[in-house]
Amino acid sequence: MPYNEVWRRGPLELTLPALCDWYPPDLKAAVQAFRLSALDGSCAACGAVSRMTVGDWRFEHGEACPVGREAIEMLANAAALDMPADNPDALPDEA
């Protein structure tokens with residue numbers, strides 16, 4: 001994804017992919033859901049919940065989550081957009 005935004009959630013700064021009007025509809029929907037899950041702390045698609053501790057934030061989408069990192073990477077690659085291999089800050093790390 002070529003564009004990012006930085007958001008603050010409590011003491012954390014999150015780098016999230018920007019939601020651009022020119023994204024294909026399936027990618028746009030996935031990015032929107034990913035952004036909402038990161039900012040809200042829970043994923044409506046797979047039920048994942050973020051875990052925060054001092055200095056650490058973890059968000060692990062389910063393996064087959066349609067809005068997880070892998071799914072968004074596949075959609076972006078299909079649309080010929082640069083994703084984390086070219087832009088490692090495009091999505092927050094999931095560990």
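This structure is a prediction, so every number in the text was calculated from the model and none was measured.
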For residues I72 and A30, report the shortest heavy-atom separation together with the two atoms involved. CD1-O, 3.7 Å

With the 4.5 Å side-chain cut-off for hydrophobic clustering, are V67 and V49 part of the same group? no

Y23 side chain vs A76 backbone, donor-acceptor pair below 3.5 Å: no

Would you please name every residue forming a side chain to side chain contact (heavy atoms under 4.5 Å, CB included) with L19, sequence neighbours left out? K28, V31, Q32, R35

Who are the side chain to side chain contact (heavy atoms under 4.5 Å, CB included) partners of D40, not counting sequence neighbours? S42

Interatomic distance, OG1@T15 vs CG@N4, rounded to 0.5 Å, equals 6.5 Å

My understanding is that only residues two or more places apart in sequence, or in another chain, count here; which of them pass side chain to side chain contact (heavy atoms under 4.5 Å, CB included) with A29? none

C46 side, atom SG; E63 side, atom CD - distance, nearest 0.5 Å: 11.5 Å

Less than 4.5 Å apart, any side-chain heavy atom of L39 and any of L14? yes

W22-L27 co-clustered via ILVMFWY side chain contacts under 4.5 Å: yes

